[in-house]
Amino acid sequence: MELTTLSVIVGAAGTCALGGIFPWIAAEAVILATALAVPASAFPLLAVSCAVGQMTGKAGLYGIIRWAPARLPERFQRLIGRAEVLGRRPGALTGSVLSGAAVGLPPLYVVTLAAGLAHLSLVRFLVAGLLGSAIRYGVLLWGAGAVGLGGFS
């Protein structure tokens, strides 16, 4: 794989990391735009790299919510008590992380905040989110390739 291709993929992953923090940066748009600039053979690496980038950003949000709740705005402080109920159902919350990452319902941003507030295990959060994101981005790139969009040979 060429250095240029790797550089483009690293840039996409970094942008997806920012998208994990700032919801107005759409990872899907980044991935599809990147797919136009890299060969189709790089799509698997692109999907995994962007999933890792996305979850890196989400891990930052999760960490702030979980370990520094006193620094949160007052409206979040009120949610902490409600989130304790979610913490009693880690399986359901893990499933929500997987679903949010894979299909966007419930929104991963909201689920990330809930997971941090409910003290869901960081490992469970990251594994479910990474798996869901990789599936989502892989399907997106498979679809792009199937209709002939992006990726030069």
Side-chain angles (χ1 to χ4, degrees), residues 1-69 71-73 76 79 83 86 90-153:
M1 190 171 298
E2 291 183 24
L3 183 58
T4 304
T5 299
L6 287 174
S7 297
V8 169
I9 290 172
V10 168
T15 304
C16 286
L18 290 174
I21 299 167
F22 304 109
W24 56 85
I25 300 174
E28 294 83 358
V30 171
I31 290 166
L32 289 175
T34 305
L36 296 171
V38 301
S41 62
F43 282 6
L45 179 61
L46 176 61
V48 171
S49 297
C50 286
V52 168
Q54 176 82 1
M55 289 312 296
T56 300
K58 296 294 184 205
L61 281 178
Y62 170 96
I64 290 169
I65 293 292
R66 180 167 180 181
W67 292 296
R71 295 179 176 246
L72 297 173
F76 284 108
L79 294 175
L86 294 172
L93 189 52
T94 302
S96 294
V97 172
L98 178 64
S99 174
V103 297
L105 291 172
L108 186 56
Y109 193 89
V110 173
V111 174
T112 298
L113 300 178
L117 287 171
H119 293 234
L120 180 68
S121 158
L122 178 60
V123 171
R124 286 180 84 137
F125 171 74
L126 290 175
V127 169
L130 185 59
L131 178 62
S133 294
I135 290 169
R136 180 180 188 141
Y137 301 155
V139 168
L140 181 67
L141 288 167
W142 173 82
V147 298
L149 297 177
F152 58 86
S153 299

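What's counted below: heavy atoms across the whole structure, side chains too, no hydrogens, waters or symmetry copies.
- Atom CG of Leu113 sits about 9.5 Å away from atom CG of Leu108, to the nearest 0.5 Å.
- When all heavy atoms are compared, the tightest approach of Arg66 to Ser121 is NH1-CA, 4.2 Å.
- For the atom pair CD1 (Ile9) and SG (Cys16), the distance works out to 11.5 Å, reported to the nearest 0.5 Å.
- Counting all heavy atoms, side chain and backbone alike, Arg124 lies closest to Gly91 at NH2-CA, 3.6 Å.
- A perpendicular orientation is assigned to the rings of Trp67 and Tyr62, their planes being inclined by more than 60° (bins at 30° and 60°).
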Apply the test side-chain contact (heavy atoms from CB on, under 4.5 Å) to residues Phe125 and Leu93: give CA-CA distance (whole Å), side-chain angles for both, the deciding distance (0.1 Å), then the verdict. CA-CA 9 Å; Phe125 171 74; Leu93 189 52; over 6 Å; no
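- For Ser99 (side chain) and Gly95 (main-chain N/O), no donor-acceptor pair under 3.5 Å exists by modelled atom type.
- Residues Gly104 and Arg136 come closest through the heavy atom pair N-NH1, 3.1 Å.
- Closest approach of Ser96 to Pro106, counting heavy atoms only: O-CD, 4.1 Å.
- Taking OH from Tyr137 and CD1 from Ile31, the interatomic distance works out to 5.0 Å, rounded to the nearest 0.5 Å.
- Shortest non-hydrogen contact noted between Cys50 and Ala13 is SG-N, 4.0 Å.
- In this structure, CD1 in Ile65 is found 5.0 Å from CG in Leu117, a value given to the nearest 0.5 Å.
- Here the closest heavy-atom approach between residue Leu46 and residue Val38 is recorded as CD2-CG2, 4.4 Å.
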Would Glu28 and Leu140 satisfy side-chain contact (heavy atoms from CB on, under 4.5 Å), going step by step from the backbone distance to the final call? CA-CA 8 Å; Glu28 294 83 358; Leu140 181 67; 3.9 Å; yes
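- Here the OG1 atom belonging to Thr5 is positioned 9.5 Å from the CG atom belonging to Leu45, to the nearest 0.5 angstrom.
- Note: Thr56 OG1 to Leu130 CG = 9.0 Å, rounded to the nearest 0.5 Å.
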